[in-house]
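Note sheet for the following structure.
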Amino acid sequence: MPTHPDKQPLASVLMPAHNAQDWMSRAIRSVCDQRCADWELLIVDDASDDGTWAMARAAASQDSRIRALSSPHRLGAAEARNMALAQARGRFIAFLDTDDAWHPDKLHLQIRFMRETSTALSYTGFWRVRGTREHEVRVPPEITRDGLLRGNVIGCLTAVYDSHAFGKVPMPPLPLRHDFALWLDLLARAGMAQGLTRPLATHYRRKGSLSSHPLRALSATWRLYRRHAALGRASAAMCLSSHVIGRLLRG
């Protein structure tokens with residue numbers, strides 16, 4: 001049964017939304033269709049100039065577990081997620097972008113897995129869709145911070161962390177790779193993240209999205225290594241090479 005609006009939900013789902021009216025309904029529906037019904041979805045309209053805010057409010061009016069928030073000025077994905085995080089009430093913090101979707105069992109299986117294994121940070125495999133092509137992105141069953149530095153295997157749409165273990169940890173205010181930076185920060189404290197290797201989410205690659213510009217992403221990863229992770233040039237270069245090779249192998 002859906003969570004009563006006054007009851008603390010088990011999971012909080014953070015969803016930044018900027019000019020997303022043409023595709024966000026799929027993402028919202030995938031949360032509403034979860035086998036685990038004990039969640040709240042916080043949608044942050046990030047200064048959109050289309051119908052995103054109206055869609056978020058309409059969704060909230062139809063389901064008391066959905067909350068629509070808005071910013072009058074552009075925040076960017078990291079700060080929009082942090083705005084949602086500040087309002088989140090759930091123990092387990094999850095992430096979903098408007099152009100992605102979850103499989104119906106994701107929250108149920110992942111949170112059960114985290115409880116059974118006492119895992120504070122978890123992730124899953126996922127599907128990557130480009131047009132008519134679909135590719136399964138495979139992930140290892142566990143990863144350390146050093147391992148993650150050599151290649152980010154944690155897709156943001158799959159990650160869940162336990163706020164009872166970490167508290168509420170905001171994403172670093174980076175224009176790109178803020179999710180990667182957060183996983184590194186959490187792993188500096190937790191030591192190990194564990195994954196469900198089966199694909200439980202789908203990433204839909206859109207033309208014009210931030211993730212669709214490989215050179216921009218590569219530059220952002222280099223800056224992450226040098227500035228956020230404070231790696232020397234040689235170490236950063238080795239990690240970047242490993243990251244690129246791993247990304248090509250995973251597809």
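Counting from 1, the numbers follow the sequence of the chain as shown.
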> Can you check side chain to side chain contact (heavy atoms under 4.5 Å, CB included) on T221 and L240, steps first, answer last?
Replying inline: CA-CA 7 Å; T221 304; L240 186 62; 3.8 Å; yes
How far apart are the closest heavy atoms of [X] and [Y], and which atoms are they?
X	Y	answer
T197	P140	CG2-C, 4.2 Å
A181	L224	CB-CD1, 3.6 Å
M171	N82	N-OD1, 2.8 Å
A120	A165	CB-CB, 3.7 Å
P172	L182	CD-N, 4.0 Å
D185	H228	OD1-NE2, 2.9 Å

To the closest 0.5 Å, what do you measure between [atom1] ([X]) and [atom2] ([Y])?
X	Y	atom1	atom2	result
F95	L157	CZ	CG	11.5 Å
Y123	L148	OH	CG	8.5 Å
H108	L10	NE2	CG	11.5 Å
I143	I154	CD1	CD1	7.5 Å
D179	C156	CG	SG	4.5 Å
W39	S12	CH2	OG	11.0 Å

Between [X] and [Y], is there shared hydrophobic-cluster membership here, with clusters defined by ILVMFWY side-chain heavy atoms closer than 4.5 Å?
X	Y	result
L215	L248	no
I66	W53	no
V169	L85	yes
I111	M192	no

[X] side-chain N/O to [Y] backbone N/O, donor-acceptor pair under 3.5 Å:
X	Y	value
S241	A237	yes
R198	T124	no
N19	S48	no
E40	P9	no
S235	L231	no
K106	C36	no
R67	Q87	yes
T158	G155	yes

>> Which residue in the set Q194, E142, Q110 passes side-chain hydrogen bond (donor to acceptor under 3.5 Å, both in side chains) when paired with S122?
In response: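 Output: one option passes, namely Q110.
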> R128 and E134: salt bridge (Lys or Arg N to Asp or Glu O under 4.0 Å), yes or no, with the steps?
Replying inline: CA-CA 6 Å; R128 179 177 284 118; E134 186 177 68; over 6 Å; no
Which pairs of donor and acceptor atoms, one on a side chain in residues 54-61, lie under 3.5 Å apart (sequence neighbours left out)?
| unit_1 | atom_1 | unit_2 | atom_2 | d |
| --- | --- | --- | --- | --- |
| S61 | OG | A58 | O | 2.6 |

Is any side-chain heavy atom of [X] closer than 4.5 Å to a side-chain heavy atom of [Y]?
X	Y	value
I28	I43	yes
D46	R74	yes
I93	V160	no
R65	L41	no
L200	W102	no
L14	L96	no
L69	M83	yes
H203	V137	no

>> Tell me if the aromatic rings of F180 and W222 count as close, with their centers under 6.0 Å from one another.
In response: no
>> Between R26 and D99 (salt bridge meaning N to carboxylate O under 4.0 Å), is one present in this structure?
In response: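 Judged by the 4.0 Å cut-off on N to carboxylate O distance, R26 and D99 do not form a salt bridge.
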> Is any NZ, NE, NH1 or NH2 atom of the basic residue among R138 and E136 found under 4.0 Å from an Asp or Glu carboxylate oxygen of the other?
Replying inline: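 Salt bridge present between R138 and E136.
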Determine whether the side chains of [X] and [Y] contain a donor N or O and an acceptor N or O closer than 3.5 Å.
X	Y	value
D50	T52	yes
T98	W23	yes
H178	R81	yes

> D162 and L121: side chain to side chain contact (heavy atoms under 4.5 Å, CB included), yes or no, with the steps?
Replying inline: CA-CA 7 Å; D162 186 349; L121 172 62; over 6 Å; no
>> Can you tell me if R150 has over 12 outside heavy atoms packed within less than 6.0 Å of its CZ?
In response: no
> Is it the case that R177 places NZ or CZ above or below the six-membered ring of Y225, under 6.0 angstrom from the centre and within 45 degrees of the axis?
Replying inline: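 No, a cation-pi geometry is absent between R177 and Y225.
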> Are M114 and F92 close enough, and set up right, to give a side chain to side chain contact (heavy atoms under 4.5 Å, CB included), and what steps lead you there?
Replying inline: CA-CA 10 Å; M114 293 178 73; F92 294 96; 4.0 Å; yes
